[in-house]
Amino acid sequence: MFLPLHDSNTIRHIRFPYVNYGLIAVTTLCFLVQAVLPPAVFDQATINFGMIPIVVRDVYPQPVPWLPDWATLLTYQFLHVNWLHLLSNMLFLWVFGDNIEDALGHAKFLIFYLACGVCAALAHLVFNLNDNGPLIGASGAVAGVMGAYILLYPHARVFVLARIVIPIPLPVPAFWMLGFWVATQLFYVLIGSEEPVAWWAHLGGFVAGVVLAALLKRRDVALLGGR
């Protein structure tokens with residue numbers, strides 16, 4: 001319902017968010033490699049490098065013998081189902097990631113991003129212990145970035161494309177835009193959904209982002225925007 005376009009939150013501590021843009025570039029490159037694979041090879045790649053709960057739990061052997069079971073907690077973050085899946089995740093990372101890198105610093109932001117993705121996968125695993133399907137996508141890690149943003153910059157203006165009869169651009173506080181997103185995830189978790197979406201991974205990544213941002217932020221970056 002709300003598609004972020006850009007925010008009014010300028011960076012203050014770094015000159016350029018090269019880690020954020022690097023993550024976008026690497027993730028996009030991974031998908032471009034996927035996109036040129038034959039369908040059968042594409043599917044096999046998601047099985048080999050996606051996070052499969054019964055594989056991580058060592059109930060079923062790892063499809064790639066040389067890859068440790070835990071490694072897919074990282075590799076799954078760089079795979080996507082299709083262009084829409086990729087572009088939606090990268091758009092959110094583009095809009096919100098630079099400010100979180102600014103608030104944490106380059107190295108801490110990279111650790112933060114990957115850790116949020118790992119926590120998202122673990123949340124998915126806990127609620128899908130016997131699932132044999134691969135979890136793929138950067139959604140959990142990006143949800144962590146969104147959690148950090150709502151903790152640090154809830155009053156920042158985010159310009160969104162709102163689908164109200166016709167799509168129109170609107171400036172809204174980050175708290176309302178991201179709060180609506182969280183409420184949507186909770187709604188589908190509670191009522192259930194037939195959509196192939198890892199709702200628990202989204203929520204797990206979001207909570208991890210809130211907690212980790214509070215621990216890793218620069219000392220002079222105030223919680224809740226200083227208000």
Side-chain angles (χ1 to χ4, degrees), residues 19 22-90 92-93 97 107-147 185-186 188-190 192-209 211-212 216:
V19 175
L23 287 168
I24 293 173
V26 170
T27 305
T28 302
L29 179 61
C30 288
F31 181 77
L32 291 175
V33 172
Q34 282 183 270
V36 300
L37 297 175
V41 181
F42 181 101
D43 292 341
Q44 188 61 48
T46 64
I47 293 172
N48 290 346
F49 300 104
M51 196 288 292
I52 303 176
I54 60 172
V55 171
V56 175
R57 292 175 56 226
D58 204 25
V59 174
Y60 192 84
Q62 169 62 251
V64 182
W66 51 266
L67 191 69
D69 293 345
W70 57 263
T72 56
L73 294 171
L74 295 172
T75 57
Y76 91 95
Q77 302 177 40
F78 297 93
L79 304 178
H80 287 81
V81 175
N82 52 40
W83 280 106
L84 180 61
H85 190 203
L86 171 75
L87 293 176
S88 60
N89 279 332
M90 294 304 99
F92 275 79
L93 186 56
K108 285 184 179 179
F109 176 68
L110 179 59
I111 295 170
F112 165 88
Y113 180 87
L114 296 175
C116 286
V118 169
C119 290
L122 292 175
H124 176 79
L125 184 151
V126 167
F127 290 96
N128 299 272
L129 289 174
N130 298 314
D131 196 352
N132 62 357
L135 172 70
I136 63 173
S139 304
V142 173
V145 171
M146 294 161 66
Q185 313 307 303
L186 288 170
Y188 283 114
V189 162
L190 293 174
S193 172
E194 297 300 323
E195 296 293 326
V197 177
W199 306 109
W200 280 113
H202 294 175
L203 291 172
F206 185 88
V207 172
V211 174
L212 291 174
L216 298 177

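In this text, all values refer to a predicted model and were calculated from it rather than measured experimentally. Residue numbers count from 1 along this sequence.
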Chemist: Quick one: do V197 and H202 satisfy side-chain contact (heavy atoms from CB on, under 4.5 Å)? Show the steps, please.
Modeler: CA-CA 9 Å; V197 177; H202 294 175; 3.5 Å; yes
Chemist: State, yes or no, whether a side-chain contact exists between F78 and L29 at a heavy-atom distance under 4.5 Å.
Modeler: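 Contact flag for F78/L29 side chains = no.
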Chemist: Would you mind reporting whether M146 and F92 have side-chain heavy atoms less than 4.5 Å apart?
Modeler: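 They are in contact (side-chain heavy atoms under 4.5 Å apart), so the answer is yes.
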Chemist: Using side-chain contact (heavy atoms from CB on, under 4.5 Å), reason through L110 and L23 one step at a time and then give a plain yes or no.
Modeler: CA-CA 9 Å; L110 179 59; L23 287 168; 4.0 Å; yes
Chemist: Nearest 0.5 angstrom please: M90 CE to T28 OG1, how far?
Modeler: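 One gets 6.0 Å once the value is rounded to the nearest 0.5 Å.
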Chemist: Considering all heavy atoms of both residues, which atom of A120 and which atom of A201 are nearest to each other, and what is their separation?
Modeler: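 Smallest heavy-atom distance, with atoms named: CB-O, 3.1 Å.
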Chemist: What's the separation between atom SG in C119 and atom CZ in F206, rounded to the nearest 0.5 Å?
Modeler: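 That separation rounds to 14.0 Å.
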Chemist: Side chains of L114 and V118: closer than 4.5 Å at any heavy-atom pair?
Modeler: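 The answer is no, as the side chains (C-beta and beyond) never meet within the 4.5 Å cut-off.
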Chemist: Testing the basics here: between A138 and N89, what is the closest heavy-atom pair and its distance to 0.1 Å?
Modeler: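 That closest heavy-atom pairing would be N-ND2, 3.6 Å.
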Chemist: Should L93 and Y113 count as side-chain neighbours, where that means a heavy-atom distance under 4.5 Å?
Modeler: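 Yes, their side chains come closer than 4.5 Å.
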Chemist: Closest heavy-atom contact between M51 and A121?
Modeler: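 Of all heavy-atom pairs spanning M51 and A121, the closest is CE-O, 3.4 Å.
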Chemist: What pair of heavy atoms forms the shortest contact from Q62 to T72, and how long is it?
Modeler: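 Looking at all heavy atoms of both residues, the shortest contact is NE2-CG2, 3.9 Å.
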Chemist: Closest approach of L135 and A198, non-hydrogen atoms and distance?
Modeler: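 L135 and A198 have their closest heavy atoms at CD1-CB, 3.4 Å.
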Chemist: Look up atom CZ in F127 and atom CG in L125, then write down how far apart they are to the nearest 0.5 Å.
Modeler: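 If I round to the nearest 0.5 Å, the distance is 11.0 Å.
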Chemist: Kindly compute the distance separating CH2 (W83) from CG (L32), expressed to the nearest 0.5 Å.
Modeler: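 Rounded to the nearest 0.5 Å, the CH2-CG separation comes out at 4.5 Å.
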Chemist: Any side-chain heavy-atom pair from I136 and F49 closer than 4.5 angstrom?
Modeler: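 A side-chain contact is absent here, since even the closest heavy-atom pair is not under 4.5 Å.
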Chemist: Just so I know, are the side chains of C116 and V145 near enough to count as touching, which here means a heavy-atom distance under 4.5 Å?
Modeler: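 Not touching, per the 4.5 Å side-chain cut-off.
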Chemist: Calculate, to the nearest 0.5 Å, the distance between atoms CG and CG belonging to N82 and L87 respectively.
Modeler: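 Between atom CG of N82 and atom CG of L87 there are 9.0 Å.
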Chemist: Let me check something: any side-chain donor-acceptor pairs from residues 33-43 under 3.5 Å, sequence neighbours excluded? List them with distances.
Modeler:
unit_1 : atom_1 : unit_2 : atom_2 : d
Q34    : OE1    : H80    : N      : 3.2
Q34    : NE2    : H80    : O      : 3.3

Chemist: Rounded to the nearest 0.5 Å, how far does CZ of R57 lie from CG of L129?
Modeler: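 One finds 5.0 Å between CG of L129 and CZ of R57.
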Chemist: For L79 and G50, work out which heavy atoms get closest and say how close.
Modeler: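 Nearest pair, atom of L79 first, then G50: CD1-N, 4.0 Å.
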Chemist: Can you find a pair of side-chain heavy atoms, one from H124 and one from P53, that are under 4.5 Å apart?
Modeler: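 Result yes, sub-4.5 Å side-chain heavy-atom pair found.
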Chemist: Verify, without hydrogens or angle tests, whether Y76 (side chain) and I52 (backbone) share a donor-acceptor contact under 3.5 angstrom.
Modeler: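 No; judged by distance alone, with no hydrogens or angles, the pair does not exist.
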Chemist: Kindly indicate whether the side chain of W200, heavy atoms from C-beta on, has any atom under 4.5 Å from the side chain of V126.
Modeler: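 No. Closest side-chain heavy atoms not under 4.5 Å.
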